Amino acid sequence: MNAVVLAQTVPALDLGDFSFFNLFLQAHIVVKLVILGLLAASIWSWAIIVDKYLQFGRARRQAEKFERVFWSGQSLEELYASLSHNVNHSMSALFVAAMREWKRSHEGGVRASAGVNMRIDKVLNVAISREMERLERRLLFLANVGSIAPFVGLFGTVWGIMTSFQAIAASKNTNLAVVAPGIAEALFATALGLLAAIPAVIFYNKFTNELGRQSNKLEWFADEFSTILSRQLEDRA
Amino acid sequence: MRAGLAISGVTHVVLLTWSTLVFPSAEVFEVEPVQSLPVEIITPSELTRIMAGAQDAELPEPESEPIAASEPESQPQQTAALEPEPPTAPEAEPEPVPEIAAEPEPEPEPVPVAEPTPPEPQHVEINRNAMRVPTFRPRNTPSRQEQFDADRIAALLDKTPDQEQTRRQNDTQSDRSATRGQSDGRDSNMSISEIDLLRRQISRCWNPPIGVQGAENLIVAIRISLRRDGTLSGAPEVDGTVSGGAERVAAESALRAVRRCAPYQLPPEKYDTWRDIRVTFDPRQMLGG
């Protein structure tokens, strides 16, 4: 008897209406904002992920290619001449910066080897940090999304459940048909938050790992190159 | 960066449209209508009354008798008609035998027995059949009758042994007889919950003699007489003798408690049971519980 009465009082819900889009349309304005924000965060973080993925892959490949050329016995002057006009990746940028400084020091015919060595080291350090800055740009956004998106989603969920409980209190009816839509809509926000956060965290970890490896490579190369140059300086002296 | 943004945006749009296409196909739960069980809510007092009444409730006479009497079947009549026949022709010829064997068709039993026997024992056999039929039939029919008894469907569905079933029958019977006693307001006994109700009301006002040595052993019984509205109709008295100072203190405290909480709220329809009531003041029960 009761079930019949309830079925009459509760507006007939079309169960086909629980698509993401309809859930979004039915939601409270705050939940809507949260969902939109999470969607934007997800799109932007995926854009960063794609971009960084390509960038790191390119950097790694170019570094390998450059190392092959560098250790192939080609003269440094020739290499500098070929690379100085199209500086496009990290290791060659280091090489070009160091070579430029070296050449400048020798153009004046000055023979202050210790000073030149120091300057070359400084130039290499600056070049390394510039490269690292270029590589890790926007990675912080991934970290932010990874740590904050679940909370934002949870906020949307709590808000949605709050409003749905208010609706339950207003309708004085604890039937599941009254409770369910609000909760489904609220949980949607958490789902989106997790959806944005999980790939962000995964790729943030992956990229920081990669970043550390690249930075190590750059430093090793810088050290090796500065030893080569200092040996050259001493030979000339 | 632009390539990444484009890729990401396109993938999101594709995923969202895919999800809008896929998500609505979430299966609607097929909820089978739950078979409703009629539940009656009874108070503890009713329960105790049912239990108590089951002991001496008079069982109704077995139902099989009237049904057997009213049974309008043709076969018993036929056999009854046959019954007088054998005595009239005790040493009869084998002719009636096929007739009898043919007539009670639905009965498989007499046919095989009847054929190979000689005439003399044949009659004995027929007689026995005739005797058996009326006693045999009624046992079948009441069981058929039971199935239409709406009150005991639950008992029929329950396949537990007979003992359980008869106990349940007793219960329903005693319930009926117990309500007979209720209508005139003379329910014979207070239920435990009602005694508890009174005890709880008194114990609120009771200051038990904690300071006295051996206080937990000072059990005092007080006789209280009450009016219908729950007020005291007379001074409460100590039931039994009071000896010693400590016991006197306990009795005094109990009397004080009874007076202080004076208008008691008790079910007025059972006034007869609590008009004059004896309450035991046991410090262990009233304090511990």
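Here is the naming used below: chain letters follow the sequence lines, and residue numbers restart at 1 for every chain. This structure is a prediction, so every number in the text was calculated from the model and none was measured. Only heavy atoms go into these numbers, but all of them, side chains included; no hydrogens, no water, no symmetry mates.
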Participant: Whether the side chain of B:S225 engages the backbone of B:S233 through a donor-acceptor N/O pair (distance < 3.5 Å, no angle test) should be reported.
Facilitator: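 Answer holds: no.
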Participant: If I take atom CZ from residue A:F141 and atom CD1 from residue A:I148, how far apart are they, to the nearest 0.5 angstrom?
Facilitator: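 Output value for this atom pair is 9.5 Å.
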Participant: Nearest 0.5 Å, what's the CD-CH2 distance between A:E224 and A:W71?
Facilitator: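 It is 4.0 Å, given to the nearest 0.5 Å.
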Participant: For the pair A:T157 (side chain) and A:T190 (backbone), establish whether a donor and an acceptor sit closer than 3.5 Å, ignoring hydrogens and angles.
Facilitator: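 Confirmed, A:T157 side chain pairs with A:T190 backbone.
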Participant: Atom CZ in B:R260, atom CZ in B:R204: separation rounded to 0.5 Å?
Facilitator: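 B:R260 atom CZ to B:R204 atom CZ measures 11.0 Å (nearest 0.5 Å).
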Participant: Could you give me the CA-CA distance, side-chain angles and deciding distance for A:R134 and A:E131, then say whether salt bridge (Lys or Arg N to Asp or Glu O under 4.0 Å) is met?
Facilitator: CA-CA 5 Å; A:R134 193 174 65 89; A:E131 284 307 309; 3.2 Å; yes
Participant: Mind checking which of residues 32-49 of chain A sit less than 4.5 Å from chain B, heavy atom to heavy atom?
Facilitator: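 Within residues 32-49 of chain A, the residues that come under 4.5 Å of chain B (heavy atoms only) are A:L39, A:S42, A:I43, A:W44, A:W46, A:A47, A:I48.
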Participant: Any chance you could measure A:L142, atom CG, to A:E136, atom CD, to the nearest 0.5 Å?
Facilitator: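 A:L142 atom CG to A:E136 atom CD measures 12.5 Å (nearest 0.5 Å).
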Participant: Do the ring planes of A:Y80 and A:F95 sit parallel (below 30°), tilted (30 to 60°) or perpendicular (above 60°)?
Facilitator: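 Judged by the thresholds at 30° and 60°, the geometry between A:Y80 and A:F95 is perpendicular.
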Participant: Spell out, as yes or no, whether a donor-acceptor pair under 3.5 Å connects the side chain of B:T231 to the backbone of B:R227.
Facilitator: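 No: the side chain of B:T231 does not pair with the backbone of B:R227.
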Participant: For A:F155 and A:W159, take the angle between the two ring planes, folded into 0 to 90°, and tell me which bin it lands in: parallel under 30, tilted 30 to 60, perpendicular over 60.
Facilitator: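 If you compare the ring of A:F155 with that of A:W159, the planes turn out tilted.
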Participant: I need the A:F70 CZ to A:F221 CZ distance, nearest 0.5 Å.
Facilitator: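 Interatomic distance, A:F70 CZ to A:F221 CZ, rounded to 0.5 Å: 4.5 Å.
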Participant: Less than 4.5 Å apart, any side-chain heavy atom of A:V31 and any of A:T163?
Facilitator: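 Answer no - side chains too far apart.
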Participant: Which residues in residues 196-220 of chain A have any heavy atom closer than 4.5 Å to a heavy atom of chain B?
Facilitator: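 Within residues 196-220 of chain A, no residue comes under 4.5 Å of chain B, counting heavy atoms only.
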Participant: Distance-only, no hydrogens or angles: does the B:Y264 side chain make a donor-acceptor pair with backbone N or O of B:L197 under 3.5 Å?
Facilitator: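 Here the side-chain-to-backbone pair does not exist.
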Participant: For the CD atom on B:Q265, are there more than 12 heavy atoms of other groups (residues, nucleotides or ligands in this structure) within a distance under 6.0 Å?
Facilitator: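 No.
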Participant: Hey, which residues of residues 5-12 of chain B are touching chain A, say heavy atoms under 4.5 Å apart?
Facilitator: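 Interface residues of residues 5-12 of chain B: B:L5, B:I7, B:S8, B:G9, B:H12.
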Participant: Mark yes or no for whether A:E185, through its side chain, and A:G160, through its backbone, hold a donor-acceptor pair below 3.5 Å.
Facilitator: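 Pair absent, no side-chain N/O of A:E185 close to backbone of A:G160.
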Participant: What distance separates A:I128 CD1 from A:M91 CE, expressed to the nearest 0.5 Å?
Facilitator: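 Separation between the atoms: 9.5 Å.
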Participant: Quick one: which residues of residues 53-60 of chain A reach chain B at under 4.5 angstrom, heavy atoms only?
Facilitator: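 Answer by number: none.
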